[in-house]
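Every chain is numbered from 1 and lettered A, B, ... according to where its sequence line falls, protein lines coming before strand lines. Values in this document were obtained by computation on a predicted structure and should not be read as measured data.
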There are 2 protein chains.
Amino acid sequence: MTSRTDQKEQTRQHILECAADLFRTQGVAGTSLTDIMTEAGLTHGGFYAHFKNKEDLLAHSYTAAMDSSREEWFEDIIEHEPEEALRLLINRYLSRDHRDNPDEGCPMPALLGELEKEGLCATEAEQALRTSIHRAKPSVAQARHLSPEAADAETVATFATMVGGMLLARSVADEDYSNYILKSCRAFLKKEIR
Amino acid sequence: MTSRTDQKEQTRQHILECAADLFRTQGVAGTSLTDIMTEAGLTHGGFYAHFKNKEDLLAHSYTAAMDSSREEWFEDIIEHEPEEALRLLINRYLSRDHRDNPDEGCPMPALLGELEKEGLCATEAEQALRTSIHRAKPSVAQARHLSPEAADAETVATFATMVGGMLLARSVADEDYSNYILKSCRAFLKKEIR
DNA sequence: CGTTTCATATGATGACTATCATATGAAATC
DNA sequence: GATTTCATATGATAGTCATCATATGAAACG
């Protein structure tokens, strides 16, 4: 019985990952359940053995994507000194590579716009954001020599700039201008503009 | 013949406005052409007398919304001294009022996420962004005593923070936390964190 | 005042999609 | 090895939507 249960759990995780990828690339409304199941190498009918409905899948896949994404971002960053850690985070988040690969990138710029309509996953989105901010806060506090409260506010605003910068960079047709947007936001966050 | 032509142009503008409102509130995919025409007090069939298709409507309504939105933001702001003008822009953009009324607010946080999928309106989005940045730049340059190039980069990043901050504030379930996000971004942009 | 024009309305059509009922076939259990 | 279980597949249904063909009725025009 274990093997079959394991198999099902594995399939569930696989669906979750495929969904997160497709949602980030094509949008939630632009991705059908059939798209997702096909991408997972399955057929559409089996979907409801794993999830209650599309919204249920969305909530789980958003959280899962935020978790694994956060894991990646902070995995090796924590090893560095605070100043370097913050610099690395900013450079990587606002990179061309991140811009060009939304399917494996941060879910926030890719999905928040759609989630907020109709209050979809508002609780999941909030919890995931809070966790990410909590994770980045120590580096910000030390790198900038800030009190805990000030560091929290600064971290929130830093995230806003990174998410907004990525959104703008992705929405622009001209690649040079898109690169310029990324560069400007990096310089701004690294306080290099004067 | 004039009266009828005028009438049609007026109807077209009205459809454009209704579409922009609904797109910003419910999203592009979440709004049907019937929704829009009904909101405009018309029936669905007449739509194609005014626009080629939904994408055509989207492009026009996004640009129109950006234009009128920009007009509102900068209308009375320009009258003030640069420092005060910038402060006003930040306070108004990152306000609860703006957060709670996306239908008459800036189209960027509301729509860019959906537009970037499939490269919809990438050219229109870029042009509108460039125009807005160009409009805000003088205030930033003077308020911050920056060279033209530095002012441009600073303006781009300021927009990123405002757009990202609004996106985050709107995506969060708890109103207190949402308020806190807005407040943090305002303080950050006004360089009040230390 | 009759005729034409055309802005808008009515009424299809075909495609797509979420969801559900039921079938199948391989693994697990006896 | 026969039977049961259940993960996944097949097939159906109902609803929605973009798009288009055609109708209507009022204003413009002669």
For the SG atom of A:Cys121 and the CG atom of A:Leu58, what is their distance to the nearest 0.5 Å? 4.0 Å
Rounded distance (Å) that lies between atom [atom2] of [N] and atom [atom1] of [X]:
| X | N | atom1 | atom2 | answer |
| --- | --- | --- | --- | --- |
| B:Gln10 | C:dC6 | CD | P | 19 Å |
| B:His14 | C:dT8 | NE2 | C1' | 15 Å |
| B:Leu33 | D:dA18 | CG | P | 4 Å |
| B:Asp35 | D:dT16 | CG | P | 11 Å |

Output the residues of residues 16-31 of chain B in contact with DNA chain C, where contact means a heavy atom of the residue under 4.0 Å from an atom of the strand; sort by number or write none. none
Where along residues 36-57 of chain B does a heavy atom fall under 4.0 Å from DNA chain C?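 DNA chain C contact set from residues 36-57 of chain B: B:Leu42, B:Thr43, B:His44, B:Gly45, B:Gly46, B:Ala49, B:His50.
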Donor + acceptor pair across side chains of [X], [Y] (<3.5 Å):
| X | Y | answer |
| --- | --- | --- |
| B:Gln13 | B:Glu17 | no |
| B:Arg170 | B:Ser178 | no |
| A:Thr131 | A:Arg70 | no |
| A:Asp152 | B:Tyr180 | yes |

Is there a salt bridge (Lys or Arg N to Asp or Glu O under 4.0 Å) between A:Lys191 and A:Glu154 once you walk through the steps? CA-CA 12 Å; A:Lys191 320 263 182 189; A:Glu154 175 102 3; 3.1 Å; yes
D:dT16 phosphate, OP1 or OP2: any side-chain N/O from B:Thr34 under 4.0 angstrom? no
Using 30° and 60° as the class limits, which term best fits the ring planes of B:Tyr93 and B:His98: parallel, tilted or perpendicular? perpendicular
Would you find more than 12 non-hydrogen atoms of other residues, nucleotides or ligands less than 6.0 Å from B:Lys52 atom NZ?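 Incorrect, the count does not exceed 12.
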